[in-house]
Amino acid sequence: MKKYQKISIVLLICLLCSVVTCGYAEEARMKSYEESLESVEYYGGAPVITPEDKLDDYVHYAMEGGRYTLDVPEGEKTANIVGVVMNTQRDMIINNATITVNNGELILHPGEDGRIQITNLPLGKYDFVVEAEGYYQSSYLNLKIDDETTYLNWFELSTRMEMVEDHDKIRHGCMLDVDTDEIIQNIQEYEENHVIEPMALSAAPKIKKTIKVVGKDGVVRTMERAEYLYGVVAGEAESAATYKANGLTSTQIWQYYCAQAELANTLAVYFQKVETSKHSNGDICANSGCCQNYSTANITAEIQNAVDSIFYTKSSGTKTSQVLMYKPSTSSYNYMCPFFSSSCYGKGTVTVSGIPYLKAKSCSDLMTGYGGARKGFCQNGGAKKAKNGSSCEAILTYYYTDCDTEFCEMTA
């Protein structure tokens, strides 16, 4: 009898540890948004996002010369657009640009600080074409403005090539159009050559606070980790309005966005720490058909809040971010490659031989997606789990067997 009592006690302790860990992650994410308001992102000496911008909901984002207020019929649903024009290196503000909206319906010019602000833009789809002397043209096509909120856009211009970002074509490219078998082989070889050694949770690996991203024009830019994740969540997830139309509450959308943010962060860490030869001049690229979709357009407050919440400053002052890791036991961890695709068409995900955290899972989609390899995380399935009340951590640990969230210290 005593033997069974001991087993029960051990199981109870394990359960409590699991609950405490999940609760800690949730509490950390809840606190971190307030801390993010203290951050400022600088490019070429000019702040792109300031604490005042966030607290003011970007109402006074642009200078007088870059503000445009549209006259619309009373009762029409509208959104606000704010943005800044800069070069692809992100080290220079461009204030002599012309922004043409929908083939000339609007002709806009940024203020002296490179910022632009449009108030009362009717909901719909829009094309933004950006031009400036000394740069190639950039086109941002089929931007879906479908919610009464504020959309943040970084309009980039290149000195190397014309850039086109069509949002009807580039969505959900990660692990969908690439050779997943080649990536799986790389992971299997890594697993075979790297023994998973026990390590205390307090010794979770340190990660860089920045990411070197190879842009669509080949230019490598060094980004703050949060800034990069803003663009990935905007590029990979659907809009908040789409999720609301499918029955999710604001809190449930936040949980899903948090899951997508942690997933994107985990993939970036994997390429920084394990598959470091993927890009010789950077950690990861912005192309949807190679790494994961990164977009500089339509970044909303909901996305920023979710991304900010996976970053946490400990009482010691140490800054951390959440990374999913393979943990077959409580005293061991390993890097993992978070395969994901848009949808599984209700068929569930599949087991991948040789990769212990990729096991078959039953799954049903929230809505019709773009398909994919059905390995790892199902984006539409994860959104449905959020709708059913699952938290960020519960969603991720469902799709990835024996994985858990680690708070990894960020260093220069």
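Please read these numbers as outputs of a predicted model, since none were measured by experiment.
Judged purely by distance below 3.5 Å, without hydrogens or angles, the side chains of S158 and D217 pair a donor atom with an acceptor atom. Looking only at atom types and distance, the side chain of Y61 has no donor-acceptor partner in the side chain of D113 under 3.5 Å away. With 3.5 Å as the limit, one finds no donor-acceptor pair spanning the side chains of N380 and Y345. Between the side chains of Q292 and Y228, a donor-acceptor pair is found at a separation under 3.5 Å. Using modelled atom types, one finds no donor on one side chain facing an acceptor on the other under 3.5 Å when comparing T349 with Y400. Under 3.5 Å, the side chains of E262 and Q322 contain a donor-acceptor pair of N or O atoms. With 3.5 Å as the limit, one finds a donor-acceptor pair spanning the side chains of N265 and S321. Side-chain atoms of N142 and D166 form a donor-acceptor pair, as typed in the model, at a separation below 3.5 Å. Residues T251 and T249 have side chains that never bring a donor and an acceptor to within less than 3.5 angstrom of each other.
Taking each heavy atom of G215 and R221 in turn, the nearest pair found is CA-NH2, 3.3 Å. L324 approaches C403 most closely through the heavy-atom pair CG-CB, 4.0 Å. Residue I94 comes nearest to A132 through the heavy atom pair CG2-CB, 3.8 Å, listed as atom of the first residue, atom of the second, then distance. Smallest separation of non-hydrogen atoms from L143 and A297: CD2-CB, 3.7 Å. The two residues V129 and S139 have their closest heavy-atom pair at CG2-OG, 3.9 Å. When all heavy atoms of C291 and F271 are compared, the closest pair comes out as SG-CE1, 4.2 Å.
Proximity of the aromatic rings of Y326 and Y333 is defined here by a centroid distance below 6.0 angstrom, and this criterion is not met. F155 and Y140 have their aromatic ring centers within a separation under 6.0 angstrom.
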- Task: Determine, step by step, whether V323 and I207 satisfy the side-chain contact (heavy atoms from CB on, under 4.5 Å) criterion, reporting the C-alpha distance in whole Å, the side-chain angles of both residues, the deciding distance to 0.1 Å, and the verdict.
- Result: CA-CA 10 Å; V323 178; I207 62 176; 4.0 Å; yes

- Task: Give the intermediate values and the outcome of side-chain contact (heavy atoms from CB on, under 4.5 Å) for residues T98 and V130.
- Result: CA-CA 6 Å; T98 298; V130 188; over 6 Å; no

- Task: For Y270 and D283, run side-chain hydrogen bond (donor to acceptor under 3.5 Å, both in side chains): C-alpha distance rounded to whole Å, both residues' side-chain angles, the deciding distance at 0.1 Å, then the answer.
- Result: CA-CA 9 Å; Y270 177 80; D283 300 321; over 6 Å; no

- Item | Verdict with reasoning, Q117 to Y58, per side-chain contact (heavy atoms from CB on, under 4.5 Å) | CA-CA 9 Å; Q117 180 172 351; Y58 303 96; over 6 Å; no

- Passes side-chain contact (heavy atoms from CB on, under 4.5 Å), I81 versus I145? Steps please. CA-CA 9 Å; I81 305 292; I145 310 299; 3.7 Å; yes

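Proximity of E236 to S295: side-chain heavy atoms (C-beta onward) are nowhere separated by under 4.5 Å. With a 4.5 Å cut-off on side-chain heavy atoms, M325 and Y357 do not count as touching. Contact of the R90 side chain with the E156 side chain is registered, since non-hydrogen atoms from C-beta on lie closer than 4.5 Å. Here the side chains of K384 and M367 are not in contact, with every heavy-atom distance at 4.5 Å or above. Side chains of E302 and S250 form no contact here, defined as non-hydrogen atoms less than 4.5 Å apart. No side-chain heavy atom of T88 sits less than 4.5 Å from a side-chain heavy atom of L157. Looking at V84 and I93, their side chains come closer than 4.5 Å, going by heavy atoms from C-beta outward. Y257 has its side chain within reach of Y243: a pair of non-hydrogen atoms, C-beta onward, lies under 4.5 Å apart.
For the pair K314 and F407, the NZ or CZ position fails the cation-pi test of under 6.0 Å to the six-membered ring centre and within 45 degrees of the ring normal. Annotation: cation-pi pair K375/F340 absent, no NZ/CZ under 6.0 Å from the ring centroid and within 45° of its normal.
With salt bridges taken as basic N to acidic carboxylate O contacts below 4.0 Å, one links D308 and K54. Ion pairing of K77 with D147 is absent here, as no side-chain N (NZ or NE/NH1/NH2) approaches a carboxylate O to less than 4.0 Å.
Checking side-chain atoms of T397 against main-chain N and O of E393 turns up a donor-acceptor pair under 3.5 Å. With Q252 contributing its side chain and K387 its backbone, the two residues share a donor-acceptor pair below 3.5 Å. H167 places no side-chain N or O within donor-acceptor distance of the main-chain N or O of K144, the cut-off being under 3.5 Å. Looking at N246, its side chain does come within 3.5 Å of a backbone N or O of T242 through a donor-acceptor pair. Within the 3.5 Å criterion, the main-chain N or O of T78 finds no donor-acceptor partner in the side chain of N120. At least one donor-acceptor pair closer than 3.5 Å links the side chain of R374 to the backbone N or O of G348. Here the side chain of T320 pairs a donor or acceptor atom with the backbone of Y312 at under 3.5 angstrom.
The number of heavy-atom neighbours closer than 6.0 Å to OH of Y136, taken from other residues, nucleotides and ligands shown, is 12 or below. Atom CD of E76 has more than 12 neighbouring heavy atoms from other residues, nucleotides or ligands inside a 6.0 Å radius. Remark: N103 CG is loosely packed, at most 12 non-hydrogen atoms of other residues, nucleotides or ligands lying under 6.0 Å away. The neighbour count for K208 NZ, taken as heavy atoms of other residues, nucleotides or ligands under 6.0 Å away, does not exceed 12. Applying the 6.0 Å contact sphere to NZ of K361 captures more than 12 heavy atoms from other residues, nucleotides or ligands.
Rounding to the nearest 0.5 Å places CG of L396 at 6.5 Å from CZ of F377. Taking CZ of R67 as the start and CG of L108 as the end, the distance is 14.5 Å to the nearest 0.5 Å. Rounding to the nearest 0.5 angstrom, the gap separating the OG atom in S316 from the CD atom in E409 is 8.0 Å. Between Q255 atom CD and S309 atom OG the span is 8.0 Å, to the nearest 0.5 Å. Taking CD1 from I303 and CD from Q260, the interatomic distance works out to 10.0 Å, rounded to the nearest 0.5 Å. Atom CD of residue E105 and atom CG of residue L121 lie 9.5 Å apart, to the nearest 0.5 angstrom.
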